[in-house]
Engineer: 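Once you've had a glance at the structure underneath, I'll fire off some questions.
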Amino acid sequence: MISFADEELIIVDEKDNIIGYQKKDLCHKGEGILHRAFSVFIFNSKNELLIQKRSRYKHLWPLFWSNSCCGHPRKGEEYIKAVKRRLKEELGMEAEVKYLFKFKYQATYKNIGSENELCSVYIGKSDVIPEINKIEVEDWKYISIEQLNEEFKKHPDRYTPWFKIEWEYITEKFMDEIQNLGVKS
């Protein structure tokens, strides 16, 4: 597995200052410990968004649909390097990405654990067909912006909480950025 329970995550304060390191499984217990994370949104040349269904093996939100890719920078790893690593590990693809914004959120999954993250959000464009890692990703598809907005209205319970928060902000503030992305194959 490319993601493991005892990998050390970067613990931060609300201003993204590093205050320590903690094992991933401990960061996700109870209400969670605030740590660095990132989310990536990959669009194709038709401006459809690549979304993934999280693997059945995921501890939190298994089999929920989510954004193209997400993860955690590792100790000593810059965000952009982590983003590119994770795109390759989960989806078998490379893409130039652009930073959009950072936000803090906390969400609890049943009585199992929580995400408590300071999350940096990136967008990119690629027409490469994903080669998914089945341990990390159950399924994937491209979906139009309009279809995704309809899906969120009809079936919000099928999507991860961070994806819904990020998508609302992206569609409100960054549609021009999406339209102006260059295609990298």
Side-chain angles (χ1 to χ4, degrees), residues 2-3 7 9-10 12-18 34-54 61 64-107 115-133 136-137 139-152 159-185:
I2 57 176
S3 182
E7 73 179 291
L9 301 187
I10 303 168
V12 293
D13 64 18
E14 292 190 10
K15 294 182 180 177
D16 204 19
N17 296 306
I18 298 172
L34 186 62
H35 58 278
R36 280 186 181 168
F38 59 84
S39 286
V40 185
F41 290 73
I42 299 294
F43 295 86
N44 65 17
S45 58
K46 298 176 190 174
N47 276 337
E48 297 169 320
L49 177 64
L50 172 62
I51 63 174
Q52 68 159 276
K53 184 183 267 189
R54 290 167 57 83
W61 289 277
F64 280 68
W65 285 95
S66 199
N67 53 291
S68 308
C69 176
C70 50
H72 306 97
R74 293 179 174 153
K75 187 175 181 178
E77 186 177 43
E78 296 296 320
Y79 278 107
I80 196 69
K81 186 174 179 185
V83 166
K84 290 182 178 257
R85 170 183 52 79
R86 200 70 182 155
L87 279 170
K88 193 73 168 161
E89 290 173 347
E90 282 192 14
L91 302 171
M93 68 180 352
E94 295 177 10
E96 291 302 314
V97 294
K98 178 179 182 175
Y99 170 82
L100 290 183
F101 64 95
K102 189 181 295 185
F103 77 109
K104 178 185 174 296
Y105 79 99
Q106 192 279 336
E115 290 288 5
N116 189 352
E117 297 182 332
L118 189 61
C119 188
S120 292
V121 179
Y122 295 81
I123 58 171
K125 200 158 220 173
S126 178
D127 284 322
V128 172
I129 302 299
E131 294 179 27
I132 60 170
N133 179 326
E136 297 289 329
V137 179
D139 198 4
W140 66 274
K141 65 182 176 182
Y142 278 102
I143 188 168
S144 74
I145 291 168
E146 297 78 21
Q147 287 175 308
L148 182 57
N149 289 335
E150 280 301 309
E151 279 294 306
F152 278 153
Y159 298 90
T160 59
W162 60 89
F163 182 24
K164 293 182 281 191
I165 295 166
E166 294 161 349
W167 186 247
E168 182 178 345
Y169 196 71
I170 286 171
T171 55
E172 182 181 313
K173 304 278 187 192
F174 295 103
M175 289 309 292
D176 287 343
E177 302 279 344
I178 292 166
Q179 299 297 327
N180 294 324
L181 285 169
V183 176
K184 301 289 180 192
S185 298

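Each residue takes its place number in the sequence, starting with 1. These values consider heavy atoms only, across backbone and side chains, with no hydrogens, waters or symmetry-generated copies.
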Engineer: Under the ring pair (Phe, Tyr, Trp, His ring centres under 6.0 Å) rule, what do Y169 and F101 come out as? Steps first, then yes or no, please.
Structural biologist: CA-CA 9 Å; Y169 196 71; F101 64 95; 4.6 Å; yes
Engineer: Would you indicate whether K98, at its atom NZ, is surrounded by more than 12 heavy atoms from other residues, nucleotides or ligands within a distance under 6.0 Å?
Structural biologist: no
Engineer: Which residues pass the side-chain hydrogen bond (donor to acceptor under 3.5 Å, both in side chains) test with W167, sequence neighbours left out?
Structural biologist: N149
Engineer: Listing request: all salt bridge (Lys or Arg N to Asp or Glu O under 4.0 Å) pairs with a residue in residues 163-173, at least two apart in sequence or in separate chains.
Structural biologist: none
Engineer: Checking D176 now: which residues fulfil side-chain hydrogen bond (donor to acceptor under 3.5 Å, both in side chains) with it, not counting sequence neighbours?
Structural biologist: none
Engineer: side-chain contact (heavy atoms from CB on, under 4.5 Å), that's the test. Do L100 and E177 meet it? Break it down for me.
Structural biologist: CA-CA 9 Å; L100 290 183; E177 302 279 344; 4.3 Å; yes
Engineer: Can you name the one residue among L49, I178, V97 that meets side chain to side chain contact (heavy atoms under 4.5 Å, CB included) with I123?
Structural biologist: I178
Engineer: What salt bridge (Lys or Arg N to Asp or Glu O under 4.0 Å) pairs are there with at least one residue in residues 38-47, not counting sequence neighbours?
Structural biologist: none
Engineer: Are the side chains of M93 and I129 in touch, meaning some heavy atoms are under 4.5 Å apart?
Structural biologist: no
Engineer: Using only heavy-atom distances, determine whether the side chains of W140 and S68 contain a donor-acceptor pair under 3.5 Å.
Structural biologist: no
Engineer: Counting C-beta onward and ignoring hydrogens, is there a side-chain heavy-atom pair between N47 and K125 closer than 4.5 Å?
Structural biologist: yes
Engineer: Do the side chain of D127 and the main chain of S45 share a donor and acceptor less than 3.5 angstrom apart?
Structural biologist: yes
Engineer: Identify, with sequence neighbours excluded, every residue that meets ring-ring contact (aromatic ring centres under 6.0 Å, His included) alongside F41.
Structural biologist: F163
Engineer: Do side-chain atoms of R54 reach the backbone of W61 as a donor and acceptor pair under 3.5 angstrom?
Structural biologist: yes
Engineer: Within the 4.5 Å heavy-atom criterion, are E136 and E89 side-chain neighbours or not?
Structural biologist: no
Engineer: Considering all heavy atoms of both residues, which atom of A95 and which atom of I42 are nearest to each other, and what is their separation?
Structural biologist: CB-CD1, 3.9 Å
Engineer: Answer yes or no: is there a side-chain heavy-atom contact under 4.5 Å between L9 and E7?
Structural biologist: yes
Engineer: Which residues pass the side chain to side chain contact (heavy atoms under 4.5 Å, CB included) test with K84, not counting sequence neighbours?
Structural biologist: I80, E96
Engineer: For K75, give me all partners under side chain to side chain contact (heavy atoms under 4.5 Å, CB included), at least two apart in sequence or on another chain.
Structural biologist: E8, Y21
Engineer: Distance from L181 atom CG to N44 atom CG, nearest 0.5 Å?
Structural biologist: 11.0 Å
Engineer: Just verifying a value: how many Å separate I132 CD1 and K53 NZ, rounded to the nearest 0.5 Å?
Structural biologist: 11.0 Å
Engineer: Tell me, do L34 and E14 make a side-chain contact under 4.5 Å, heavy atoms counted?
Structural biologist: yes
Engineer: Out of curiosity, F43 CZ to L50 CG, how far, rounded to the nearest 0.5 Å?
Structural biologist: 10.0 Å
Engineer: I'd like to know if the side chain of N67 reaches the main chain of V40, judged simply by a donor and an acceptor atom lying under 3.5 Å from each other, with no hydrogens or angles considered.
Structural biologist: yes
Engineer: So with a 6.0 Å cut-off around CD of Q179, is the heavy-atom count from everything else above 12?
Structural biologist: yes
Engineer: Does T171 reach the side chain of L148, with side-chain heavy atoms less than 4.5 Å apart?
Structural biologist: no
Engineer: For Q147, what residues pass the side chain to side chain contact (heavy atoms under 4.5 Å, CB included) criterion, not counting sequence neighbours?
Structural biologist: I143, S144
Engineer: Quick one: does W162's side chain get under 4.5 Å of C70's, heavy atoms only?
Structural biologist: yes
Engineer: Checking side-chain contact (heavy atoms from CB on, under 4.5 Å) for the pair K104/N116: CA distance, chi angles, key distance, verdict?
Structural biologist: CA-CA 8 Å; K104 178 185 174 296; N116 189 352; 4.3 Å; yes
Engineer: What pair of heavy atoms forms the shortest contact from I10 to P73, and how long is it?
Structural biologist: CD1-O, 3.8 Å
Engineer: Once salt bridge (Lys or Arg N to Asp or Glu O under 4.0 Å) is applied, do any residues pair with E77, and if so which ones, sequence neighbours excluded?
Structural biologist: R85
Engineer: Is the distance from the ring center of Y122 to that of F38 below 6.0 Å?
Structural biologist: no
Engineer: What residues form a side-chain hydrogen bond (donor to acceptor under 3.5 Å, both in side chains) with E117, not counting sequence neighbours?
Structural biologist: H35, H72, Y105
Engineer: With sequence neighbours excluded, tell me which residues meet side chain to side chain contact (heavy atoms under 4.5 Å, CB included) with D16.
Structural biologist: V12, R36, Y79, K102, L118
Engineer: How far apart are the closest heavy atoms of L91 and C69, and which atoms are they?
Structural biologist: CD1-CB, 4.1 Å
Engineer: What residues form a salt bridge (Lys or Arg N to Asp or Glu O under 4.0 Å) with K141, not counting sequence neighbours?
Structural biologist: none
